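This one's a predicted model, so the numbers in the text were calculated from it and none came from an experiment. Computed over heavy atoms, backbone and side chain alike; hydrogens, waters and symmetry mates excluded. If you read the sequence from its start, that first residue is 1, and numbering goes on from there.
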Amino acid sequence: MPVITIEGPKLTKEQKEELVKAVAEDASRIMGLPVEAMVTIIREVEAENVGTGNILLCNRK
């Protein structure tokens, strides 16, 4: 059972549904496994919890 983890910004429920559908279907096709075998985990990360270089993402202009 492949586990696909996506980390990114906060998404709406509708965006999550679309993302999970697209990722699971593509991974299923590429891996030759049934789509039901795919597990997708979405981790929402706030911009204040991400640093790029030496600054927080929320402080980038």
Side-chain angles (χ1 to χ4, degrees):
M1 152 176 64
V3 177
I4 302 163
T5 304
I6 301 167
E7 295 189 28
K10 188 155 181 65
L11 301 171
T12 66
K13 181 180 180 231
E14 292 77 18
Q15 289 172 314
K16 291 176 194 176
E17 289 172 338
E18 184 177 350
L19 182 59
V20 166
K21 182 178 188 315
V23 169
E25 289 177 356
D26 281 346
S28 170
R29 178 183 52 78
I30 292 166
M31 294 182 189
L33 296 169
V35 72
E36 296 82 14
M38 302 300 149
V39 174
T40 306
I41 299 170
I42 299 172
R43 293 188 178 135
E44 294 178 325
V45 181
E46 298 292 332
E48 67 183 37
N49 295 331
V50 178
T52 57
N54 62 351
I55 62 171
L56 292 175
L57 189 58
C58 63
N59 293 335
R60 290 185 66 186
K61 299 203 188 259

A.B. asks: Tell me which donor-acceptor pairs under 3.5 Å the side chains of residues 20-43 have, and how far apart each pair is, sequence neighbours excluded?
C.D. replies:
| unit_1 | atom_1 | unit_2 | atom_2 | d |
| --- | --- | --- | --- | --- |
| Lys21 | NZ | Glu25 | OE1 | 3.3 |
| Lys21 | NZ | Glu25 | OE2 | 2.8 |
| Ser28 | OG | Leu33 | O | 2.4 |
| Ser28 | OG | Val35 | N | 3.3 |

A.B. asks: Which residues pass the side-chain contact (heavy atoms from CB on, under 4.5 Å) test with Asn49, not counting sequence neighbours?
C.D. replies: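 For Asn49 the side-chain contact (heavy atoms from CB on, under 4.5 Å) partners, ignoring immediate neighbours, are Val45, Glu46.
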A.B. asks: I'd like to check Leu19 versus Leu11 (side-chain heavy atoms, cut-off strictly below 4.5 Å). Are they in contact?
C.D. replies: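 Result yes, sub-4.5 Å side-chain heavy-atom pair found.
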A.B. asks: Can you tell me if CD on Glu18 sees more than 12 non-hydrogen neighbours from other groups inside 6.0 Å?
C.D. replies: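 Open.
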